[in-house]
Enquirer: 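Shown below is the structure under consideration.
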Amino acid sequence: MNLSSLIVLLILILIVGAVVFSLIRKKKNGESSCSCGCSGCGMKDCCHKK
């Protein structure tokens, strides 16, 4: 594996890690992962059970 491939791999790992971290943080805060409002969503009862 050459240096350029290693750099691209590290950048991709950082991007995927940031996305996963963001999804986990949103889930803990009770936000939806799709970034849209839940009022018109057919699955709103499944995501936010009371």
Enquirer: Examine Met1 and Ile13 and state if one hydrophobic cluster contains both, with Ile, Leu, Val, Met, Phe, Trp and Tyr joined whenever side-chain heavy atoms are less than 4.5 Å apart.
Expert: yes
Enquirer: Donor-acceptor pairs under 3.5 angstrom involving side-chain atoms of residues 2-9: please list them, not counting sequence neighbours.
Expert:
{"residue": "Asn2", "atom": "OD1", "partner": "Ser4", "partner atom": "OG", "Å": "3.3"}
{"residue": "Asn2", "atom": "OD1", "partner": "Ser5", "partner atom": "N", "Å": "3.0"}
{"residue": "Asn2", "atom": "OD1", "partner": "Ser5", "partner atom": "OG", "Å": "2.8"}

Enquirer: Give the other cluster members for Val20, using side-chain heavy-atom distances under 4.5 Å between Ile, Leu, Val, Met, Phe, Trp and Tyr residues; answer none if it is isolated.
Expert: Val16, Ile24
Enquirer: Can you run down the side chain to side chain donor-acceptor pair (under 3.5 Å) pairs that involve residues 6-18, sequence neighbours left out, and say none if there aren't any?
Expert: none
Enquirer: Quick one: which residue pairs count as a side chain to side chain donor-acceptor pair (under 3.5 Å) with a foot in residues 12-22, not counting sequence neighbours?
Expert: none
